[in-house]
Structures are given as C-alpha cells and as structure tokens.
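Data first, discussion second: the structure below is written as structure tokens.
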Amino acid sequence: MPTLVPVDGALLTQMLATAPPAHGLSRESWARYERALAQSPWGRAHRHWTALVDDGSRVLASAHRYDLEGSLDGRRVRICGVGDLVEHDDSGGVSLRLLVARVVEAATAAGDDLALVSTTAAVTDVVPAGFGPLPTLDLTLRVTESTRRGAPMAPVRGGDLGDLAMVVDMAAASAHGTRFHLQRDAGRMAFAFTRKRLLAGLGVAGRRELQFLVAEEGTRAVAYVVLSVEDGTWTLEECGDRDPTGARVGAILQAMIARDPAEARLVLHGWLPAGFLPPQLVVVASAPSADRLYLGRLGVGAAALALPPEDIRVWRTDLM
C-alpha cells in the first residue's frame with residue numbers, strides 16, 4: 001500500500017539527484033532552488049516536500065504542502081495548500097490523485113478547515129471531489145500612454161523588503177469584504193518574491209526577471225506593482241493601491257513606458273480582481289486561466305464551495 005512520507009534525509013538527496021527538474025532549470029540549478037527555499041525563514045516553517053512511495057520505497061508522486069491561513073465569510077481559517085505536483089511513475093495520474101487525497105486526509109485529521117490545490121488546466125483530474133475552482137481569468141492588458149507624453153507625476157522607485165508591511169496592509173484592505181482570501185504577512189510575501197528571484201537568478205541569463213515597484217506620496221508608499229518577465233512576456237503578478245480606482249498602479253505602469261520610450265508598448269498578462277481596472281489599463285482579451293486554484297472544505301459532510309469572482313481575492317503570487 002503506497003504511503004505518504006516527508007522528503008528529507010536520504011530521500012531528499014535521492015529526489016534532488018533523480019526527480020525531474022522543474023521550472024525549466026538545470027538539475028544543479030533546481031537543486032539549489034529547492035534548498036534555498038527550504039532554508040528561507042517562511043519556507044522552513046510552512047513549506048513541506050512530501051512524496052508518495054510504494055512498498056519498495058519507490059517514489060510514485062510528489063508535491064509541496066503549504067501551511068496557509070485565510071478568511072472565509074469573515075472567519076479565520078487554516079488552509080492546507082498543495083502545489084508543485086509531479087508524477088514520477090507512468091500511472092496516468094493515478095498516483096497524483098492518490099497523493100493529493102492522502103495529503104487532504106492528513107490535513108483533515110490535523111484540523112485544517114480548507115485545502116487549496118494549485119495545478120494547471122491540463123492536470124485537473126487530480127483534484128478531489130467536492131473541490132471547486134476559484135474563478136480567475138487570464139487577461140491581456142494594454143497600458144495607455146500618458147497624454148503628457150512623459151512620466152506621470154507620481155514618484156516611482158524600486159521596492160525593497162522594508163516595503164512589504166505596506167504591501168500586506170494594502171492587500172488586506174483590498175480584500176476586506178470578500179468572502180475568501182488568503183492571509184499574507186511580510187514573511188509570506190518575502191517568500192513569494194524570493195521564489196521568483198531565484199528562478200530568474202538560477203535560470204538562463206536574461207530569460208526571467210522580477211520587478212517590484214512602488215509609488216510614493218511624500219515618504220509614504222501608496223501603491224505597488226509586482227511584474228515578472230519570461231521570454232519577453234510580461235506578467236502582472238500582483239498590485240495594490242490605496243486609491244480604490246487603481247490610478248497609481250496605472251501611473252507606475254505608465255512610468256515604465258516613459259522610461260523606455262523607443263521600446264514596443266507594454267502588453268501585460270495576468271489576473272485582476274473583479275471590479276478592479278486601473279483607468280490606464282485596457283483589457284484586450286480574456287480567457288479562463290491556465291493556472292488553477294481549487295478550494296474545498298475539509299471534514300465529513302462538508303458542503304461544496306461555489307464562489308463567484310466578486311467574492312474572492314487571489315493573485316498569481318498565491319499560486320504554489
């Protein structure tokens with residue numbers, strides 16, 4: 001009977017040497033990536049690599065389990081996150097389904113309230129019955145240029161770790177009133193940024209990049225944008241603005257255009273919360289997201305969740 005075991009000690013060494021490298025990294029770079037995340041403050045406490053092994057200790061499937069917190073209908077909830085799903089055998093998804101089911105069973109026994117499974121549109125049959133997708137759209141966004149033909153008046157600078165408390169406050173304020181969102185502290189956000197920066201630094205030179213930008217009024221940061229670029233494609237990972245219209249988020253993006261006036265106009269891909277569209281952005285196209293988050297209640301007789309877009313607040317930084 002296959003069993004669920006932690007990936008540590010000898011098994012960790014074996015996995016780093018034999019498991020398929022992820023994220024387009026070389027084996028050596030992927031091993032450095034995994035070790036760096038495991039040693040990060042938030043990752044050490046909240047990210048756990050687990051594997052499904054058979055009676056002969058052969059690895060059938062693996063995933064990372066995340067200890068998360070969130071809010072559902074105004075109540076603080078404990079959430080088991082499941083991501084980085086990898087099948088190591090040729091069972092056609094059977095082993096992955098069993099691994100996710102075992103992780104969910106363990107989370108239920110531990111008293112978690114919800115489980116959140118991060119996967120893609122191509123791997124949805126691993127999600128347990130009763131879990132529902134969080135409705136997200138992959139948007140293609142065009143940034144309009146300022147009529148002043150220059151940088152907006154809002155001062156824009158690169159963000160740093162000292163700005164993370166501001167990011168957390170703005171994210172919490174924007175999520176207020178929604179039925180479901182994740183609770184993120186500065187440690188969780190630092191982990192999300194570290195993950196993206198490691199992928200950029202350990203991958204092929206120039207292939208990936210992460211930009212964290214903030215707009216200031218006086219000495220106070222009042223808006224932020226997190227952007228990643230991979231193979232020339234820009235993705236909006238997350239943004240926030242003390243102005244509910246998002247005008248300063250749009251100003252940050254316009255400042256990027258003004259910085260490189262000879263370059264092609266900036267086109268972004270990403271998610272935006274329902275009802276939030278900065279006035280400087282135009283939606284060019286939309287489609288159901290290729291990256292999926294599935295949410296389910298835990299416990300015997302738990303009712304299925306059905307949340308419309310306006311009832312959730314999730315960003316691409318919440319993907320696992």
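No experiment lies behind these values; they were computed from the predicted model shown. Numbering of residues begins at 1 and proceeds along the displayed sequence.
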Is it true that Leu37 and Leu25 fall in one hydrophobic cluster, defined by side-chain heavy atoms closer than 4.5 Å?
-> yes
Considering residues, nucleotides and ligands other than Arg32, do more than 12 of their heavy atoms fall under 6.0 Å from its CZ?
-> no
Would you say the side-chain atoms of Arg297 pair up with the backbone N or O of Leu114, donor to acceptor, closer than 3.5 Å?
-> no
Do Asp231 and Thr233 get their side chains close enough for a donor-acceptor pair, meaning under 3.5 Å?
-> no
So does Glu69 pair up with Arg78, basic N to acidic O under 4.0 Å?
-> no
Hey, is Asp318 close enough to Arg313 for a salt bridge, meaning N to O under 4.0 Å?
-> no
Taking the side chain from Asp54 and the backbone from Arg58, do they hold a donor-acceptor pair closer than 3.5 Å?
-> yes
Quick one: closest heavy-atom pair of His88 and Ala19, and the distance?
-> CE1-CB, 3.6 Å
Identify the two heavy atoms, one from Leu161 and one from Ala190, that lie closest to each other, and give their separation to 0.1 Å.
-> CD2-CB, 4.4 Å
Linking I/L/V/M/F/W/Y whenever their side-chain heavy atoms sit closer than 4.5 Å, directly or via other members, would Val282 and Leu141 fall into one cluster?
-> no
Does the side chain of Glu238 come under 3.5 Å of the side chain of Thr317 through a donor N or O and an acceptor N or O?
-> yes
Hey, are Gln280 and Thr144 close enough side-chain-wise for a donor-acceptor pair under 3.5 Å?
-> no
Could you grab the distance from atom CG of Leu85 to atom OG1 of Thr119, nearest 0.5 Å is fine?
-> 5.5 Å
Linking I/L/V/M/F/W/Y whenever any side-chain heavy atoms sit under 4.5 Å apart, do Val214 and Val167 land together?
-> yes
Presence of salt bridge, Glu216 and Arg248, under 4.0 angstrom = no
Taking atom types as modelled and ignoring hydrogens, do the side chains of Asp291 and Thr120 form a donor-acceptor contact shorter than 3.5 angstrom?
-> no
Under a 4.0 Å N-O cut-off, is there an ion pair linking Asp84 with Arg195?
-> yes
Indicate whether the side chain of Thr178 and that of Asp311 have a donor and an acceptor atom separated by less than 3.5 Å.
-> no
Do other residues, nucleotides or ligands put more than 12 heavy atoms under 6.0 Å from the CD atom of Glu28?
-> no
